[in-house]
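Residue numbering restarts at 1 for every chain, and letters A, B, ... go by the order of the sequence lines.
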Amino acid sequence: MSGGLDERDKRGYAVWVSEVMLQQTRVSTVIDYFKRWMNKWPTLHHLAQASLEEVNEMWAGLGYYRRVRFLLQGAKEVVEGGGRFPETVSDLRKIKGIGEYTAGAIASIAFRKAVPVVDGNVVRVISRLKTISANPKDAATVKSFWKLAGQLVDPCRPGDFNQALMELGATLCSLSNPGCAACPISAQCHVLSLSGENELVHVTDYPTKVVKAKQRHEFSAVSVVEILNCQETMGPQSSSKYILVKRPNKGLLAGLWEFPSVLLEKEADLTSRRKAVDNYLQSSFNLDLKESTRIVSRENIGECVHVFSHIRLKMYVELLVLHAKGNRSIDYKKQGKESITWKYVDNENLGNMGLTSGVRKVYTMVQKHKQTEQSTIPGRRRKTAVRR
DNA sequence: AAATCGGGGAT
DNA sequence: ATCCCAGATTT
């Protein structure tokens, strides 16, 4: 292994970051995120100084945000431990967020340990190579894949071998249209030879498909609250700002920012949605919307569906424009009883900051709505009346 | 063993 | 629309 300690740490860190980003995420998606990340935090020591808020924003849009929380936690642990960067699978496995795959990837790619990796690509290649029809998610079957991969790995160049195997699974040995004719190991592929003898056998039947749980449906009322003319915090020239709320530190999208929203029991009509939103804004922001003088406009923007692994969320979006100073009793800065965390963000910063994909979708909807409204009524300012 | 936890690209 | 991806942790 060439290079000093510093060089070694750098290699381990870069592979660690990239492999965590690559968990359940395609290479093409990761590339830009990886560049931005390494530019901001070039070494493990830089990362260890970062805050959760910072890494969350850098990660925004990548998904599975638990990954970045563990990555930051792990960086702090390694730096505070003062020890060398862990090199072996067993030491790497002790770090939160590093499972069997990531440990194998770092050990083999960064430190030339002769250990295997098993990801979705490797499962596909091996299940075809060996005609394995067992459920690939089954614990015992997973174990057998690791064993087989361990027998295959080239001890001289384990990192290159592992990456080549995954690359093969991602390209030639693809899900639905494998290029067996061009495959360098087609001669050793058992299922390919079987398919030549038996028309009922198809390469694409491997690995065996597993049935997945259906997504549950959820509904939420999203209120994009725009405050006009906020001179106190933004200076005399500013136009408006929006309220963003921080999600709870556990669960879905933990600790990430979103527009004020309430989860609905079920699909709801406009009236009940607004009732829920009003109640929420009243209790959490001390915003009394019964004072109609505060409301400049309140428009229904439309629906927006956002899909997670296990949830299909339909968001009903409205744009609620408020006067900054309508009534002295309004105190936007006062936090509600439920001690939620929130902040103001102006239009420019909202467009530039890291947002989750769902929030970005909603924001784009609102922008488009505003443009359409302006262009369809030239020279006139439309004002939607609000009557309660 | 099953559920949780994002998002997007391919089909 | 469905599948699933350079997965890991919690329940």
Which of parallel (below 30°), tilted (30 to 60°) and perpendicular (above 60°) describes A/His306 and A/Phe308?
-> perpendicular
Only pairs at least two apart or in different chains count here, so list each salt bridge (Lys or Arg N to Asp or Glu O under 4.0 Å) that has a residue in residues 148-171 of chain A.
-> A/Arg157-A/Asp160
Determine whether the side chains of A/Thr43 and A/His46 contain a donor N or O and an acceptor N or O closer than 3.5 Å.
-> yes
So, A/Arg124 side chain and A/Gly169 main chain: donor-acceptor pair closer than 3.5 Å or not?
-> yes
Looking across every strand, which nucleic acid part, if any, lies under 4.0 Å from A/Ser357 by heavy atom: base, sugar-phosphate, or nothing?
-> sugar-phosphate
Within residues 21-31 of chain A, those residues having any heavy atom closer than 4.0 Å to DNA chain C are A/Leu22, A/Gln23, A/Gln24, A/Thr25, A/Arg26, A/Val27
List in numerical order all residues of residues 125-142 of chain A for which some heavy atom is under 4.0 Å away from an atom belonging to DNA chain B.
-> A/Ala139
Which part of the nucleic acid, if any, lies within reach of A/Ser18 when heavy atoms closer than 4.0 Å are counted: base, sugar-phosphate only, or nothing?
-> nothing
Quick one: do A/Asp269 and A/Tyr316 satisfy side chain to side chain donor-acceptor pair (under 3.5 Å)? Show the steps, please.
-> CA-CA 10 Å; A/Asp269 60 21; A/Tyr316 299 98; over 6 Å; no
Looking for any heavy atom pair under 4.0 Å, which part of the strands does A/Tyr101 touch: base, sugar-phosphate only, or nothing?
-> base
Between the side chain of A/Thr141 and the main-chain N/O of A/Asn135, is any donor-acceptor distance below 3.5 Å?
-> yes
Should the ring pair A/Phe85 and A/Phe111 be called parallel, tilted or perpendicular, given that the plane angle runs from 0 to 90° and is split at 30 and 60?
-> tilted
Is a side-chain donor or acceptor of A/Arg128 paired with a backbone partner of A/Val191 at a separation under 3.5 angstrom?
-> no
Check every nucleotide of DNA chain B for an atom under 4.0 Å from a heavy-atom of chain A, then give the first and the last such nucleotide from 5' to 3'.
-> B/dA1 to B/dT11
Taking A/Tyr33 for its side chain and A/Ala60 for its backbone only, find out whether a donor-acceptor pair lies under 3.5 Å.
-> yes
Charged N to carboxylate O under 4.0 angstrom, A/Lys94 versus A/Asp91?
-> yes
If Ile, Leu, Val, Met, Phe, Trp and Tyr residues are connected whenever their side-chain heavy atoms lie under 4.5 Å apart, and connections chain through other members, are A/Ile106 and A/Val30 in the same group?
-> yes
Residues that A/Glu57 engages under salt bridge (charged side-chain N to carboxylate O under 4.0 Å, His left out), provided they are two or more places apart = none
Quote, to the nearest angstrom, the P distance that separates C/dA6 from B/dT11.
-> 13 Å
Within the side chain of A/Thr208, is there an N or O that forms a donor-acceptor pair under 3.5 Å with the backbone of A/Ser133?
-> yes
Only one of A/Val123, A/Val142, A/Val210 passes side-chain contact (heavy atoms from CB on, under 4.5 Å) with A/Lys137, and that residue is A/Val210
For the salt bridge (Lys or Arg N to Asp or Glu O under 4.0 Å) test, which of A/Lys246, A/Lys361, A/Arg247, A/Arg360 pairs with A/Glu258?
-> A/Arg247
Bounds of contact between DNA chain C and chain A, in 5' to 3' order, using a heavy-atom cut-off under 4.0 Å = C/dC4 to C/dT10
For A/Ser174, answer base if it contacts any base atom (sugar-phosphate contacts may also be present), sugar-phosphate if it contacts only those atoms, and nothing otherwise; contact means non-hydrogen atoms under 4.0 Å.
-> nothing
Within residues 63-80 of chain A, those residues having any heavy atom closer than 4.0 Å to DNA chain C are A/Tyr64, A/Arg66, A/Phe70
Side-chain donor-acceptor pair under 3.5 Å between A/Glu19 and A/Tyr101, yes or no?
-> yes
Between A/Asn39 and A/Arg36: side-chain donor-acceptor atoms closer than 3.5 Å | no
Scan for ring pair (Phe, Tyr, Trp, His ring centres under 6.0 Å) pairs involving residues 124-150 of chain A, sequence neighbours excluded, and state none if there are none.
-> none
Treat each ILVMFWY residue as a node, draw an edge where side-chain heavy atoms are under 4.5 Å apart, and state whether A/Phe34 and A/Val68 are in one component.
-> yes
Please find out if less than 6.0 Å separates the ring center of A/Trp342 from that of A/Tyr344.
-> yes
Can you tell if the side chain of A/Asp9 reaches within under 4.5 Å of the side chain of A/Leu44, non-hydrogen atoms only?
-> no
Within one Ile-Leu-Val-Met-Phe-Trp-Tyr cluster: A/Val345 and A/Tyr363, side-chain cutoff 4.5 Å = yes
Distance, P atom - from B/dG6 to C/dT11, rounded to whole angstrom | 15 Å
Heavy atoms under 4.0 Å, any strand shown: does A/Gly169 hit a base, just sugar-phosphate, or nothing?
-> nothing
Separation of the C1' atoms in B/dC5 and C/dC4, to the nearest angstrom | 15 Å
Taking DNA chain C as the partner, which of residues 201-223 of chain A come within under 4.0 angstrom of it by heavy atom?
-> A/Lys209, A/Lys212
Could you give the distance separating B/dG8 and C/dT9 at their C1' atoms, to the nearest angstrom?
-> 23 Å
Heavy atom of residues 358-368 of chain A under 4.0 Å from DNA chain B: which residues?
-> none
What does A/Gln163 touch in the nucleic acid at a heavy-atom separation under 4.0 angstrom: a base, only the sugar-phosphate, or nothing?
-> nothing
Check every strand shown and say whether A/Arg312 touches a base, only sugar-phosphate, or nothing at a heavy-atom separation below 4.0 Å.
-> nothing
Quick one: side-chain hydrogen bond (donor to acceptor under 3.5 Å, both in side chains) partners of A/Thr25, sequence neighbours excluded?
-> A/Arg67
Where along residues 247-258 of chain A does a heavy atom come under 4.0 Å from DNA chain B, residue by residue in number order?
-> A/Gly251, A/Leu252, A/Leu253
Check the pair A/Glu226 / A/Ser240 against side chain to side chain donor-acceptor pair (under 3.5 Å), numbers first and verdict last.
-> CA-CA 6 Å; A/Glu226 180 179 6; A/Ser240 65; 2.8 Å; yes
